[in-house]
There are 2 protein chains.
Amino acid sequence: MLVADNATAPVYTIGECARRSGFSMDTLRYYERIGLIDEVRRNATGQRRFTDGDLEWLGTLKCLRDTGMPVEQMARFAALVRDGDHTIPERIRLLEAHRVAVDASLDDLAAKRDYISGKIAYYRSV
Amino acid sequence: MLVADNATAPVYTIGECARRSGFSMDTLRYYERIGLIDEVRRNATGQRRFTDGDLEWLGTLKCLRDTGMPVEQMARFAALVRDGDHTIPERIRLLEAHRVAVDASLDDLAAKRDYISGKIAYYRSV
DNA sequence: GTTTGCGTTGGAGTCCACTCCAGGTCTTAG
DNA sequence: CTAAGACCTGGAGTGGACTCCAACGCAAAC
């Protein structure tokens with residue numbers, strides 16, 4: 001659930017962040033450990049408190065992940081983001097290369113969907 | 001390379017079959033072991049000789065595999081095919097369910113491609 | 001203020017789908 | 001005939017990406 005600091009920016013427990021981001025709590029901790037997400041803010045006793053900014057970044061990660069980018073390349077992207085604005089041209093290059101890959105897999109997937117449809121039609125005709 | 005029996009149906013060594021199917025030799029042997037492909041014909045000394053029929057089936061497997069079907073479900077499909085024509089209605093059900101999944105992942109992938117495009121456009125605008 | 005359950009850590013374990021290996025046999029090009 | 005290269009088997013190993021565990025500390029609901 002949401003844990004408001006007071007009237008300021010909302011923060012979320014790891015459980016709530018998991019629910020909202022679509023990653024499991026274990027995966028969130030794992031991603032933090034390997035540097036995919038920056039060190040997350042903690043409350044006084046050390047529990048993680050995710051911000052809306054964290055969630056937005058997790059949305060980007062989810063998109064990259066779900067489109068087949070390997071964790072290692074996501075880590076490179078995360079490092080670029082950490083390194084500041086002068087890495088923007090390189091981030092663009094990375095995302096463009098990835099988009100090319102995604103487009104290719106879209107085409108491939110569509111062709112294979114048609115093959116499956118053909119197979120179904122064939123079975124129906126038997 | 002192609003190893004013709006005589007003037008009849010062509011057969012292929014595992015290496016050639018790998019080249020043509022897009023699966024590695026190890027994967028072909030693995031698929032045979034777990035029942036994804038029927039026992040492959042052998043020559044006198046026990047080497048595998050794949051037929052065009054085997055290759056066609058491998059094409060189907062490749063399609064299912066590349067569209068994200070788990071090996072276990074492919075094995076179920078293979079078992080249905082082995083069991084004869086009375087399993088055709090069930091094969092249709094299986095393929096239709098899979099096509100629904102493929103359509104969903106096409107939609108998802110397209111949406112995420114757009115998200116990536118948006119990200120690129122944003123970076124370009126900075 | 002206590003119980004129920006959420007969160008912490010480091011490290012080990014799991015799952016899937018291959019992939020590799022050793023130690024041998026077979027095939028084929030020259 | 002021989003040497004290089006393809007193929008055989010059973011079983012072990014790999015890689016990627018988590019996922020689970022134990023043993024503990026905190027939180028928050030009543």
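Chain letters run A, B, ... following the sequence lines, proteins first, then strands; residues in each count from 1.
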### Task
Summarise protein proximity over nucleotides 18-26 of chain C in one line of letters, 5' to 3': B for base, S for sugar-phosphate only, - for none, counting protein heavy atoms closer than 4.0 Å.
BBB-----S
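At distances below 3.5 Å, at least one donor-acceptor pair connects side-chain atoms of D54(B) with backbone N or O atoms of T51(B).
Note: CE (M69(B)) to P (dA17(C)) measures 12 Å, nearest angstrom. Summarising the geometry, the separation between CG on L28(A) and P on dT9(C) is reported as 12 Å, rounded to the nearest angstrom. What separates CZ of R19(A) from P of dG7(C) is a distance of 12 Å, to the nearest Å. Protein atom OH of Y12(B) is 19 Å distant from nucleotide atom C1' of dC7(D), rounded to whole Å. Between I14(A) atom CD1 and dC26(D) atom P there is a gap of 17 Å when expressed in whole angstrom units. When rounded to the nearest whole Å, the span between CG of D66(B) and P of dA17(C) equals 13 Å. The distance from atom CD1 of I34(B) to atom P of dG11(D) is 17 Å, rounded to the nearest whole Å. Spacing between atom CE of M25(B) and atom C1' of dA17(C) amounts to 18 Å, rounded to whole angstrom units.
Residue pairs that meet the ring-ring contact (aromatic ring centres under 6.0 Å, His included) test with at least one member in residues 63-118 of chain B, sequence neighbours left out, are W57(B)-F77(B).
Checking the phosphate oxygens (OP1, OP2) of dG7(C), no side-chain nitrogen or oxygen of R48(A) falls inside 4.0 Å. A sub-4.0 Å separation between OP1 or OP2 of dG25(D) and a side-chain N or O of R42(A) is absent.
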### Task
Assess whether salt bridge (Lys or Arg N to Asp or Glu O under 4.0 Å) is satisfied between R93(A) and E96(A), documenting all intermediate values.
CA-CA 5 Å; R93(A) 274 194 293 283; E96(A) 280 182 331; over 6 Å; no
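Contacts of V126(B) classified as side-chain contact (heavy atoms from CB on, under 4.5 Å), with partners at least two apart in sequence or in another chain: I88(A), Y122(B).
Looking only at atom types and distance, the side chain of N43(A) has a donor-acceptor partner in the side chain of T45(A) under 3.5 Å away.
Annotation: the span from K112(A) atom NZ to S117(A) atom OG amounts to 14.5 Å, rounded to 0.5 Å.
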